[in-house]
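See structure below.
Since this is a predicted model, take the numbers as computed values, not measurements. Any value given below was found using the heavy atoms of this structure, including those in side chains, with hydrogens, waters and symmetry copies removed. A note on names: the letters A, B, ... follow the listed sequences, proteins ahead of strands, and every chain is numbered from 1.
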Protein chains: 2
Amino acid sequence: MPAVSDAEDTAVRAKQIPEAAVARLAVYLRILSGLAEQGTTAVSSEELSAAAGVNSAKLRKDLSYLGSYGTRGVGYEVQVLVSQIERILGLTRQHRVAVAGIGNLGHALANYGGFPGRGFPVEALFDLDPDLIGVPVGGLPVSHMDDIPRVCSEREISVGIIATPPTAAQSVCDRLVAGGVQCILNFAPVVLQVPAHVEVRKVDLAVELQILSFHVARRADSAAGAGGGTPENQGNAGLPGTGRPADNGSGGRNGAGTDGGLGMVVR
Amino acid sequence: MPAVSDAEDTAVRAKQIPEAAVARLAVYLRILSGLAEQGTTAVSSEELSAAAGVNSAKLRKDLSYLGSYGTRGVGYEVQVLVSQIERILGLTRQHRVAVAGIGNLGHALANYGGFPGRGFPVEALFDLDPDLIGVPVGGLPVSHMDDIPRVCSEREISVGIIATPPTAAQSVCDRLVAGGVQCILNFAPVVLQVPAHVEVRKVDLAVELQILSFHVARRADSAAGAGGGTPENQGNAGLPGTGRPADNGSGGRNGAGTDGGLGMVVR
DNA sequence: AGGTGTGAAGCCATTCACAGCG
DNA sequence: CGCTGTGAATGGCTTCACACCT
């Protein structure tokens, strides 16, 4: 492997990591952090993949995007993997977060008072409701939506979370972008329009439920079509660690609102 | 197209619809419902795809999984598409929902008091906290986690939502399964083990944020690597409808907890 | 031996481009 | 003539299987 600068190296590699692999790396990171906490210093691809609910080949491929940090015949050092994944995911920098829409969900997010162990501190809250402005939620006073651009820019917010009703979402999004926010996590059931340099991810609860509904319906229908009852593997309910690990499909989505809605609309 | 029974037809088709397309169909459904409400009776693939943030070829392909319900040279009837998508997604049946873990997020979900316009009524709430048992949240009294199997079975719950801390998630999951729940939406940052007949989807906020972080880091790194500033399309912040529609990557995930955590762990 | 790292093969999803039909 | 519906081409992710290293 040729010698390249570390920053350059990260940049080049990062470009080639499949989106799907990035999502899994985040999962591995959580598991590895847990292992590190309980004092484990080494893992094999087999162990780690089992914990993450993927097969070991996929895990090894995913880790190979980081570089070659394993020892053949042995496995991986937990600490090394943690550092490397953090590096690739950009978790060495701070990402200051703003939450817009302090309704049910917004409250839940804000009460967090600073996100994970490290990396995503909540630094601003926004709402329209006059009764809420200035009131501290999770230790942070709520500002008015009109001040989004100024406050975000002042506090160097880089991540915006939209938890407003769908009707307000685009306007809030525009103000976040004006405030210099680089990425947005959108809980409102709306397709946001953003300039090319802004990254958006959507979480849509309604869609998640409907996908589940689809799978139930499919099973029921095919059972009916085949003419039989449901000859399904029924066993082992209540026995942890016995079933198959649940892999989740693609596309994540969800809806939320300041005024008590999670923004779900079906018909 | 040959004549087959409607149930059989649904079953056969449903088997072949790609998971990714199912997620998008749910999005189209929301948009179509909005159009129907405001009195629109017809749409072209171009219009609908623009609203959904996908290209028209993909939209047509997706709709083709339902059957041929468009009129060439004209477009689609809104009502027809709504009915067909609802049929495929299994939204003609009721899916009774239970929420386990009445913390910040659980509260938000429960306060909903019955999910969308129709289809996913919340019929049971569970928690461990003795102070919470029997207290109505969103009009529904909280039951004890120990009663999950009995209550779920009595009330014919088919969808379970797990909003507990990660440590409790698997045990809650097992009880939900024992109570006959067919699908689970998991907000806890844990890989659940379930029998084959149970469908799980995971929503993980920590992972979503980390994916966003990755993209920011990638941009920053490649800018640094290229030696230049950021020659990015900066324009049009604050101008609705001007930017590109945001498409979201794969894999959805998130974490939540009874006791105020959304279960995020980084390091 | 034993487990990692990875080309190659296979599979699924998206995109293209145009035939077909109203 | 215009827009739908769809085979065929493309591209990306996953799986396989084994060479390679410790």
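Atom CG of B:L63 and atom C1' of C:dT15 are 16 Å apart (whole Å). Atom CD1 in B:I17 sits roughly 15 Å away from atom P in C:dC12 (whole-Å rounding). Atom CG of B:N55 and atom C1' of C:dC16 are 10 Å apart (whole Å). What separates CD of A:E77 from P of C:dT4 is a distance of 14 Å, to the nearest Å. The separation between A:Q16 atom CD and C:dG7 atom P is 12 Å, rounded to whole Å. Whole-Å rounding puts the B:R24 CZ to C:dT15 C1' distance at 12 Å. Counting to the nearest Å, the P atom of C:dG7 and the OH atom of A:Y65 are 12 Å from each other. Atoms NZ (B:K58) and C1' (D:dG11) sit 13 Å apart, rounded to a whole Å.
Residue A:G75 is the one, among A:G75 and A:K61, whose nearest nucleotide of DNA chain C lies closer to the 5' end (criterion: closest heavy atom). Residue whose closest nucleotide on DNA chain D sits further toward the 5' end, between A:D62 and B:E46: B:E46.
Between B:V207 and A:A23, the shortest heavy-atom distance links the atoms CG1-O, 3.9 Å.
Contact between the side-chain N/O atoms of A:S44 and the OP1/OP2 oxygens of C:dG3 is not found at any separation under 4.0 Å. At least one side-chain nitrogen or oxygen of A:S45 sits closer than 4.0 Å to the OP1 or OP2 atom of C:dT4.
Counting only distance, with no hydrogens or angles, the side chain of A:S83 and the backbone of A:Q79 share a donor-acceptor pair below 3.5 Å.
Atom CD of B:E77 sits in a sparse spot, with 12 or fewer heavy atoms from other residues, nucleotides or ligands closer than 6.0 Å.
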Protein within reach of the bases, or only the backbone? For nucleotides 17-22 of chain C, mark each nucleotide 5' to 3' as B, S or -, using heavy atoms under 4.0 Å. B--BBS
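Ionic pairing of A:E19 and A:R201 is present here: one or more N-O contacts between side-chain nitrogen and carboxylate oxygen are shorter than 4.0 angstrom.
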B:L48/B:L81 under side-chain contact (heavy atoms from CB on, under 4.5 Å): CA gap, chis, key distance, verdict: CA-CA 11 Å; B:L48 188 50; B:L81 287 188; 4.1 Å; yes
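We find the CG-CD1 distance between A:L192 and A:I162 to be 5.0 Å, quoted to the nearest 0.5 Å.
With distances taken from any side-chain atom of B:E19 to the nucleotides C:dT6, C:dA13, D:dG5, the minimum falls on C:dA13.
A search for ring pair (Phe, Tyr, Trp, His ring centres under 6.0 Å) contacts involving B:H95 returns B:F120, not counting sequence neighbours.
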